[in-house]
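Okay, so here's the structure we're looking at.
These numbers come from the heavy atoms of this one structure, side chains and all, not from hydrogens, waters or symmetry mates. This chain uses plain numbering: 1 for the first residue, then up along the sequence.
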Amino acid sequence: MKILLDHNLDRRLKRYFDEHDVSTTQENGWSDLVNGELMRMAEAAEYKVIVTTDSKIKSQQNIDGRSISILVLRSFNNR
């Protein structure tokens, strides 16, 4: 499964998804994209999941009808 780690996550998190095709927004050159544009680019690149700590993404974006899922990690610290 193709998984995209948002720019607000430590890239070292990739090692915990060893059975998946994981890349970061930085690796793709997408660090400056805002949520809606990032979701469109990720869908076009056939990512299935965006992992982020942005808890407001649900209220900022309409995810109905999208082919991508959003996994929001909640933690005390995103490091």
Criterion side-chain hydrogen bond (donor to acceptor under 3.5 Å, both in side chains) on T53 and D6, from CA distance to verdict: CA-CA 8 Å; T53 58; D6 201 358; over 6 Å; no
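- Rounding to the nearest 0.5 Å places CD of E43 at 7.5 Å from CD1 of I50.
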Test side chain to side chain contact (heavy atoms under 4.5 Å, CB included) applied to L5 and F17, step by step: CA-CA 11 Å; L5 298 181; F17 295 97; 4.3 Å; yes
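- Considering only residues two or more places apart in sequence or on other chains, N28 meets the side chain to side chain contact (heavy atoms under 4.5 Å, CB included) condition with L4, S23, W30, Y47.
- The two residues T52 and N8 make their nearest non-hydrogen contact at OG1-ND2, 3.1 Å.
- Qualifying side chain to side chain contact (heavy atoms under 4.5 Å, CB included) partners for M1, counting only residues two or more places apart in sequence or in other chains: I3, H20, K48, V49.
- The two residues A42 and I68 come nearest to each other via the heavy atoms CB-CD1, 3.6 Å.
- Separation of atoms CG (L13) and CG (L73) is listed at 6.5 Å; rounding is to 0.5 Å.
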Candidate pair M39 and I70, rule side chain to side chain contact (heavy atoms under 4.5 Å, CB included), full reasoning: CA-CA 9 Å; M39 289 174 64; I70 300 170; 3.8 Å; yes
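- In this structure S31 satisfies the side chain to side chain contact (heavy atoms under 4.5 Å, CB included) test together with T25, Q26, sequence neighbours excluded.
- When the side chains of ILVMFWY residues are joined at heavy-atom separations under 4.5 Å, either directly or via intervening members, L38 and V34 end up in two distinct hydrophobic clusters.
- For residues 26-38, the pairs satisfying salt bridge (Lys or Arg N to Asp or Glu O under 4.0 Å) are K14-E27, with sequence neighbours left out.
- With contacts defined as side-chain heavy-atom distances shorter than 4.5 Å, the pair L9/V51 qualifies.
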